[in-house]
Amino acid sequence: TGGHTTEILRLLSCLSESYSPRHYVLADSDKMSEAKIRSFEQKRAETFSESQFSLDRIPRSREVRQSWVSSVLTTLYSILYALPLTYKRKPDLILCNGPGTCVPVCLSAFLLGLLRIKRTIIVYVESICRVETLSLSGKILYYFSDYFIVQWPDLKKKYPKSVYLGRIV
């Protein structure tokens, strides 16, 4: 909790005001990230007066060190919450960077695209701390994302679909 939020907010700080409204999706048990997002958005509103954002919560798809079997069940449960949320928001773009919460949201958006309800561009940015291997979220979303960005050249060599841009956070 908090590390992925810090990274995504660094990425968002570089985006223009045309990326509005922004819809943040948090795990229902994540208290720290909400405060960081609200602080970020308050500062952003000083520069971009028309800035809009919302916060939505879904059940956490996977706890740290949770077993594989039970994490499949909790992820499916999270998808049940993410599907109506994704349908309601109908995002043009999903920018995510690895917390387990992004998997149900991205899979829901991917499904809406398959059903021709709404095509969403999914951009996944692997965390800066992933130097040699992908995170579990990365291993899953490598196959579902439109753009898969890594921050280390060794990962680009192992995952040819990825885009290496250097260190961006």
Side-chain angles (χ1 to χ4, degrees), residues 1-15 19 22-34 36-37 40 55-83 85-86 89 91-114 118-169:
T1 298
H4 289 292
T5 303
T6 300
E7 285 186 5
I8 202 74
L9 293 178
R10 284 184 189 159
L11 287 171
L12 291 176
S13 68
C14 300
L15 296 180
Y19 290 91
R22 284 166 306 288
H23 304 288
Y24 297 91
V25 180
L26 309 170
D28 55 4
S29 60
D30 184 350
K31 307 298 182 226
M32 186 184 305
S33 295
E34 181 174 349
K36 286 183 176 188
I37 292 166
F40 169 81
L55 290 166
D56 293 299
R57 293 186 175 275
I58 64 171
R60 187 176 290 274
S61 60
R62 183 172 186 270
E63 296 287 346
V64 175
R65 295 184 195 83
Q66 182 178 348
S67 75
W68 288 89
V69 174
S70 65
S71 65
V72 169
L73 296 174
T74 54
T75 299
L76 289 173
Y77 181 67
S78 294
I79 289 172
L80 290 176
Y81 280 82
L83 266 170
L85 176 63
T86 309
R89 298 290 185 199
D92 296 318
L93 170 73
I94 294 177
L95 176 62
C96 58
N97 68 326
T101 304
C102 72
V103 173
V105 174
C106 290
L107 292 179
S108 297
F110 185 79
L111 179 60
L112 291 179
L114 287 178
K118 171 65 173 156
R119 169 78 171 100
T120 301
I121 297 170
I122 299 172
V123 178
Y124 181 88
V125 180
E126 185 61 274
S127 176
I128 187 81
C129 67
R130 303 308 299 206
V131 177
E132 296 178 5
T133 61
L134 297 180
S135 62
L136 179 57
S137 297
K139 288 175 184 174
I140 295 167
L141 294 178
Y142 180 75
Y143 300 99
F144 297 96
S145 61
D146 296 286
Y147 300 96
F148 191 92
I149 300 169
V150 295
Q151 300 183 65
W152 294 95
D154 287 350
L155 286 176
K156 171 61 181 162
K157 291 175 191 169
K158 289 181 183 177
Y159 299 94
K161 176 191 165 195
S162 67
V163 177
Y164 170 65
L165 297 176
R167 295 182 198 143
I168 59 174
V169 295

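This chain uses plain numbering: 1 for the first residue, then up along the sequence.
Residues Y147 and L165 form no side-chain contact, since every pair of their non-hydrogen atoms from C-beta on lies 4.5 Å or further apart. Proximity of I122 to L141: side-chain heavy atoms (C-beta onward) are nowhere separated by under 4.5 Å. Contact check for K161 versus S145: side-chain heavy atoms found under the 4.5 Å cut-off. Put simply, the side chain of L76 reaches to within 4.5 Å of the side chain of V72, judged on heavy atoms. Looking at heavy atoms from C-beta onward, L9 lies in side-chain contact with K36 at the 4.5 angstrom threshold. Contact annotation: the side chain of Y19 approaches that of L93 to within less than 4.5 Å [non-hydrogen atoms, C-beta and beyond]. Residues I58 and T101 form a side-chain contact, since some pair of their non-hydrogen atoms from C-beta on lies under 4.5 Å apart.
The ring of F148 has its center no closer than 6.0 angstrom to the ring center of Y159.
Every residue two or more places apart in sequence or in another chain that forms a side-chain hydrogen bond (donor to acceptor under 3.5 Å, both in side chains) with S127 is listed here: E7.
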**Prompt:** Stepwise, does the side chain to side chain contact (heavy atoms under 4.5 Å, CB included) test hold for L136 with V103?
**Reply:** CA-CA 10 Å; L136 179 57; V103 173; over 6 Å; no

**side chain to side chain contact (heavy atoms under 4.5 Å, CB included) between L111 and I79, intermediate numbers included** = CA-CA 11 Å; L111 179 60; I79 289 172; over 6 Å; no

**Prompt:** After noting the C-alpha distance and the side-chain angles of L73 and Y77, does the key distance pass the side chain to side chain contact (heavy atoms under 4.5 Å, CB included) rule?
**Reply:** CA-CA 6 Å; L73 296 174; Y77 181 67; over 6 Å; no

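Atom CG of residue D56 and atom CZ of residue R89 lie 4.0 Å apart, to the nearest 0.5 angstrom. Note: R60 CZ to T74 OG1 = 10.5 Å, rounded to the nearest 0.5 Å. Here L26 contributes atom CG and E34 contributes atom CD; the two are 6.5 Å apart, rounded to the nearest 0.5 Å. In this structure, CG on D30 lies 10.5 Å from CG on L55, to the nearest 0.5 angstrom. The CD1 atom of I168 sits 9.0 Å away from atom SG of C14, with the distance rounded to the nearest 0.5 Å. Rounding to the nearest 0.5 Å places CG of L12 at 12.5 Å from CZ of R10.
Across every non-hydrogen atom of P99 and H4, the tightest pair is CD-CG, 3.7 Å. Looking at every heavy atom in both residues, D28 comes nearest to P59 through OD2-CA, 3.4 Å. Closest approach of G100 to S61, counting heavy atoms only: O-OG, 2.7 Å. Residue G98 comes nearest to S137 through the heavy atom pair O-OG, 2.8 Å, listed as atom of the first residue, atom of the second, then distance.
Annotation: salt bridge (Lys or Arg N to Asp or Glu O under 4.0 Å) contacts involving residues 143-156, sequence neighbours excluded, comprise R119-D146, D154-K157. Sorted by first then second residue, the salt bridge (Lys or Arg N to Asp or Glu O under 4.0 Å) pairs that include residues 126-142, not counting sequence neighbours, number zero.
Around the OH atom of Y81, the shell of radius 6.0 Å holds no more than 12 heavy atoms that belong to other residues, nucleotides or ligands. Annotation: Y142, atom OH; neighbour count of heavy atoms from other residues, nucleotides and ligands within 6.0 Å is above 12. Within 6.0 Å of the OH atom in Y164, the count of heavy atoms belonging to other residues, nucleotides or ligands exceeds 12.
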